[in-house]
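Here is the structure we will look at, set down as structure tokens.
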Amino acid sequence: MSSTKGIRIAIDRGGTFTDCVGTDPVSNKTLILKLLSEDPSNYSDAPLEGIRRILAHFYPDSQTPRGQPLDTSKIESIRMGTTVATNALLERKGEKIALVVTKGFKDCLVIGNQSRPLIFDLAIRKPDVLYEVVVEVEERVTLEDYAEDPERTLTKVEAKAGMGSREDIVMGLSGEAVRILQRPERERVREQLKKAYDEGIRSVAVCLMHGYTFPDHEKMIGEVAREVGFAHVSLSCELMPMIKYVSRATSVCADAYLTPAIKKYIEGFQKGFEGGLGRKSVMKEGEKKGARCEFMQSDGGLVDVDKFTGLKAILSGPAGGVVGYAITSYDENTKIPVIGFDMGGTSTDVSRYGEGRYDHTFETTTAGVTIQSPQLDINTVAAGGGSRLFFKNGLFVVGPESAGAHPGPACYRKGGPATVTDANLFLGRLLPEFFPKIFGKNEDEGLDPEASKKVLQELADQVYKETGKKMDVDEVAYGFLTVANETMTRPIRSITEAKGHDTSKHRLATFGGAGGQHAVAIAESLGIKQILIHRYSSVLSAYGMALADVVDERQEPESAVWSDKGDVIDQLKGRMESLKDKSRQALREQGFEDNEIIFEEYLNMRYRGTESALMIIKPEDGDSWDYGTAFVKHHRYEFGFTLDERDIIVDDIRVRGIGKSTQYSEKSVDEQLKTVKRTEASAEKKHSESKVYFEGGRLDTPIYKLSDLSVGNFIKGPAMLADGTQTIVVPPKATALVLETHVVVDLEESDKDKSSQANEEREVDPIMLSIFGHRFMAIAEQMGRALQKTSVSTNVKERLDFSCAIFDATGGLVANAPHLPVHLGSMSTCVRTQAEIWKGKLKKGDVIMTNHPSYGGTHLPDITLIMPAFDEAGENILFYAASRAHHADIGGITAGSMPPHSRELWQEGAALKSERIVTEGKFDEERCIELLYKEPAQYPGCSGSRCLADNVNDLRAQVSANQKGISLIEGLIAEYGEPTVQFYMLAIQKNAELQVRNLLRTVAKRFKRSNLSAIDYMDDGSPIQLAVNIDEEKGEAVFDFSGTGPEVYANINAPEAISYSAIIYTLRCMISEDIPLNQGCLRPITVKIPPKSLLSPSDNAAVVGGNVLTSQRVTDVIFRAFQACAASQGCCNNLTFGFGGNQSGQEAVKGFGYYETIAGGSGAGPTWEGTDGVHVHMTNTRITDAEVFERRYPVLLREFSIRAGSGGKGQHRGGDGVVRDIEFRIPVQVSILSERRVFRPYGLHGGEDGEVGVNLWARKGKEEGEGVVNLGGKNSVPMGVGDRIIIRTPGGGAWGRVGEKAVEGSERGHNRKGGKTQEDVKGGWKGGSWAAREQLALQA
């Protein structure tokens, strides 16, 4: 691109500081500036002020006073990253918008995917929606064919979408046949939009069902909106034409909400320049020309100022940092991948760059808003320099709360709390003389180490008081840093190990203010041997903008079945070329010549029947179009398996056009390392010396100013390297080397044995306890990620209906990733039972499969796989890894294996007591087929599994998840030694036990008595009765279910394990802090359940409803006894439909089975209101997206909305249930298994009860009013074409009498406009979990 040789300027406007980099391309000199982002007494806009100062530096003779427009003739280009969009989203300060949706979906964003963000918070807080009003348009289209069709019918049509055809069936943009059921009436739409316009709304977002493939109706509405006078119109079909209705709707809302705010900011910014900014201003004839101006987008590419939109702006700032380290730290020849570690004051961003291209993700959640748009894959954790330090419940806790800029850390002289910065300062890892003197009353003092010492001493005193362990302040401060580092490694593991990458084969590129103090410890923990710190690391985001390319992204939907032969490739090539032409034209308009434009060409591909698409880049060898082979290879790498018998579907075609605008001319790190002449830094270069704390004690540590060191100087640790913007800690056994562009820190192999002390002479170290708490939980989480990745079924992969956990040698729970509460305590019963059965018979690599209720199972679809881990000799079992997943079908009398009318266990499908399905690593597929397909079909009226291939693939995924857990714990044992790991496995259980004992003592005090009791009823009248007797002195309790009704000849019997799960879950909800969820929680609890009762049924009793219905009632009864909150909907509303199977052993009919659970209202509490349309208590599975639902199954979702008024009325009202109305397009067997259709969800303290649910069958062909039949709570019926099932789920109970003043700070649990508060209400019984506080901290 032609250069006018003005100054090149790159700016990153962050939350606290604005970083500016100005370069004169003639002299090649660079100026770095840091300004406060907000300094209203000196300037109105930080980037503008930065540009003014840069011009004054390079052109000292022609300085422009503040307030006057700047001379654009002196500027070649401006590149900016900004937090304007992120801040508008966090603070909810965007434009007032209207959302236009298809009729029946007005609440689609209130319900979202129906899961609650934090499973242990009783005051459920869903993010606020962004719109002011919703306009429901009477229009409807659907897809003619469905993916699960065993016959694979494909409708061929000539008429195409987008061509204005009046045919009823047209070919959509994705190549799928679209049936138009109702066209919108233009004048009616105009009326509706005019009403919104008259209410003062000027921005509109449009998202209609299947708009990604059929854009006609959206475009018509867009035309009308512009005619009405709306200033901004966002259409989902233009922004991101990808399937998934809810994600597309949130994205289009975000765009309509943020783009006007960005345009307003840009307008103001442009007024500060004489000739204007952007490509158009440069092309002006005659008058004063402007300067090029580009903004960084979330995908790491720049775009002209006039084309910058809200949807692409959300990660504008952090994206610059990723581009910066990717270009400066990655070498195309050695191809060593790099992990980016950007540690700031309040949070830390981690990302990865490898294979020579950026990792993009297409669905992310920022400030509670799920965005569907290409974004760099950046993980953020609420841990930074300002993160606060706490000692809670025997554990060291870092964050997520931050001290912020005001009052800031204690050392900022404003009376702030203890933070990570204070720990670093006290230990000598931060140097006050290198810090600006901006503190104190007159803002002329440096950091205050004494203030840091004082707050850390208070924490050391607290540790001694609570544990009796004497620790000096150095140990305490270092302990907190160790725990902070552990917190930050978790997201790094999730972007590397969880995706199949080995962290030890990476380099760590650290930048941001606080990165250099923690980089070595983070690298050590991850097995990384080399750290790169760029010379501009403190302003790397701005520097990255200077190096970035201009990008134009294009994407279109597709639905072709991949084939190496025939017309498919030609058709895809044609569409790819068309997208490239559009992209090329857009880049030409931004001033690029064709020889400066390159393309990345992608196909988004997946196996049929799965929803895990992978974005596959075009293979590198020349004109090769072998995407199929590339997909299979990538699938095996990422997920560990392939599905060779299945078709590969192409979901989207994507082109990333790149305008190459700058050439990075510096030598790469690897080239410099080859040629650099190394010399040890001489003693006279030492600036000073200080005593700095490293593991084991304080060491005399030389301090060097970076500016005093020459290229090739190396410094052996311990040492500190510093300049005005960063401090690099080089510990013993590490060496720092200065290159032209970077400081490179190399780590030696660690040979220290962290511990081999025998258990009997050891006391619990609270730091180690905290670290092991993190590590055990991280292992369970990684098992969960492995299972989700390698599974095939919608149930596991999309709805996340699974749990993973690790157990000690006796089967006691050590850590359970918080997936589904109903699995919490029950898996332990299961593992203990199997450990006893197989004692002495198991070998390394064996896996046991079970689902039988008498053996610790919950209900038959939940299959548990258990794998032992042995000591090195292979003789003793040290622990177990287990995973439990809900299989969509395992046979029985109905499709989906959730029969409403089962009376005996065999009617519910395959019942597996104890089967070894893997022997020394060999998977026995034949035995699995025997157990799941052939054996269930031997019973009268029963079929075997109707989706056997999914069962087998999911079982393999469970095996690999268990294997992942075992290899991670083996790594932990290698690091710390077997005795230490075993010791802390027990210690972490003891810690949970102490916390539950404390809770029980608190409860006893609160109620002034030790006996609590409650009773509630199942819809058949069966009572569930509970008496809780608390011994305050010992902190123990007896949960006595005497008085509970007898076992029933139906399927609502609940195995004993379920009551244990309910007890662990409710206790965890009522302890308003994070506690390790493990066996220790149950040690202070004695549970008495009458044998042969509803909660302890006989071996062959039907139990399928016990897990999903009775478990919810047990939970409600416990909460009622503790007076914790009003009843929630108390049901999972289990819906199944399908056809086919090998009924009673006959020849199989090909078919499918589908299963979902449906949200309802949650109960109110003493300080909160109930939440609308959310899953409660014992479940938290997601709902299938409306468009995916209709693409996969022969259904029409007529309505999915909030059931207004179904929550109880009171001081704090109960949450409303939902209405789900499904029409069937072929004959299917439909079953509903539900509760709370008779007894209403109770209110408390005078609050009214919630409404009961109702299940209706609307039969087609009957006269109006005659065709609707109430199905009752449990039924199975054959529905015909056009029949509908309408499920109205229960609301939650209210708290307090109507008319009583609501407690200040209580908030609407549902996410409508209004009633918003950033405060975390911890009064009453609301759980204040780490995750809940992290969300708030990241938003603060």
Side-chain angles (χ1 to χ4, degrees), residues 1-14 16-37 39 42-66 68-83 266 269-270 272-278 281-282 289-296 302 305 316-317 319-321 323-324 327-328 511 534-550 661-666 707 723-726 740-741:
M1 293 179 67
S2 61
S3 166
T4 52
K5 296 300 180 197
I7 304 300
R8 293 174 185 160
I9 297 165
I11 296 173
D12 173 33
R13 188 193 187 284
T16 311
F17 289 105
T18 292
D19 299 335
C20 310
V21 179
T23 306
D24 178 359
V26 179
S27 66
N28 214 14
K29 286 186 175 159
T30 295
L31 174 70
I32 303 286
L33 281 183
K34 252 186 189 310
L35 302 118
L36 285 170
S37 293
D39 192 357
N42 287 314
Y43 45 82
S44 58
D45 183 75
L48 202 60
E49 174 66 11
I51 294 167
R52 194 186 69 77
R53 291 188 192 179
I54 287 170
L55 291 178
H57 173 82
F58 286 108
Y59 299 100
D61 299 337
S62 54
Q63 299 204 13
T64 309
R66 274 186 196 144
Q68 282 187 24
L70 299 172
D71 181 358
T72 42
S73 65
K74 296 187 172 74
I75 301 170
E76 182 187 319
S77 66
I78 297 169
R79 295 173 156 202
M80 262 178 75
T82 178
T83 52
I266 286 172
F269 183 61
Q270 284 180 322
F273 299 88
E274 278 181 1
L277 295 177
S281 72
V282 176
K289 287 191 177 173
R292 290 182 61 91
C293 179
E294 290 135 353
F295 273 80
M296 176 59 78
L302 295 162
V305 61
S316 174
V323 173
I327 291 175
T328 58
F511 52 107
H534 193 269
R535 66 167 179 254
Y536 296 144
S537 72
S538 65
V539 293
L540 198 63
S541 286
Y543 191 64
M545 315 273 173
L547 302 175
D549 296 317
V550 175
S661 54
T662 51
Q663 206 57 48
Y664 180 63
S665 54
E666 307 270 14
S707 54
D723 63 15
T725 59
Q726 60 185 337
E740 283 170 38
T741 57

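Note that the structure is a prediction, hence the values are computed from the model and not measured. Position 1 is the first residue of the sequence, and the numbers go up from there.
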Sidechain-backbone polar pair: [X] side chain, [Y] backbone, donor-acceptor under 3.5 Å:
X: Arg13; Y: Asp45; answer: no
X: Gln270; Y: Leu277; answer: yes
X: Arg8; Y: Thr23; answer: no
X: Arg53; Y: Leu35; answer: no

Do you know the tightest heavy-atom contact between [X] and [Y]?
X: Gly317; Y: Ser541; result: O-OG, 3.7 Å
X: Thr18; Y: Ala46; result: OG1-CB, 3.5 Å
X: Ile54; Y: Val21; result: CD1-C, 4.2 Å
X: Phe58; Y: Asp24; result: CE2-CB, 3.7 Å
X: Ala319; Y: Met296; result: CB-CG, 3.9 Å
X: Met545; Y: Ser316; result: CE-O, 3.9 Å

Would you please test Leu55 and Thr64 for side-chain contact (heavy atoms from CB on, under 4.5 Å) and show each step?
-> CA-CA 8 Å; Leu55 291 178; Thr64 309; 5.8 Å; no
On the 0 to 90° scale, with breaks at 30° and 60°, tag the Tyr543-His534 ring pair as parallel, tilted or perpendicular.
-> tilted
Close side-chain approach of [X] and [Y], heavy atoms under 4.5 Å:
X: Phe269; Y: Val305; answer: no
X: Thr328; Y: Tyr536; answer: no
X: Leu48; Y: Leu70; answer: yes

Rounded to the nearest 0.5 Å, how far does [atom2] of [Y] lie from [atom1] of [X]?
X: Ile78; Y: Arg292; atom1: CD1; atom2: CZ; result: 11.5 Å
X: Gln63; Y: Gln68; atom1: CD; atom2: CD; result: 12.0 Å
X: Cys293; Y: Ile75; atom1: SG; atom2: CD1; result: 9.5 Å
X: Leu547; Y: Ile327; atom1: CG; atom2: CD1; result: 5.0 Å

Between Asp12, Leu31, Ile11, which is the residue that forms a side-chain contact (heavy atoms from CB on, under 4.5 Å) with Cys20?
-> Ile11
Could you list the residues that satisfy salt bridge (charged side-chain N to carboxylate O under 4.0 Å, His left out) with Glu666, not counting sequence neighbours?
-> Arg535
His57/Leu33 under side-chain contact (heavy atoms from CB on, under 4.5 Å): CA gap, chis, key distance, verdict | CA-CA 11 Å; His57 173 82; Leu33 281 183; over 6 Å; no
Could you check Tyr59 against Asp71 for side-chain contact (heavy atoms from CB on, under 4.5 Å), going step by step and ending with a plain yes or no?
-> CA-CA 11 Å; Tyr59 299 100; Asp71 181 358; over 6 Å; no
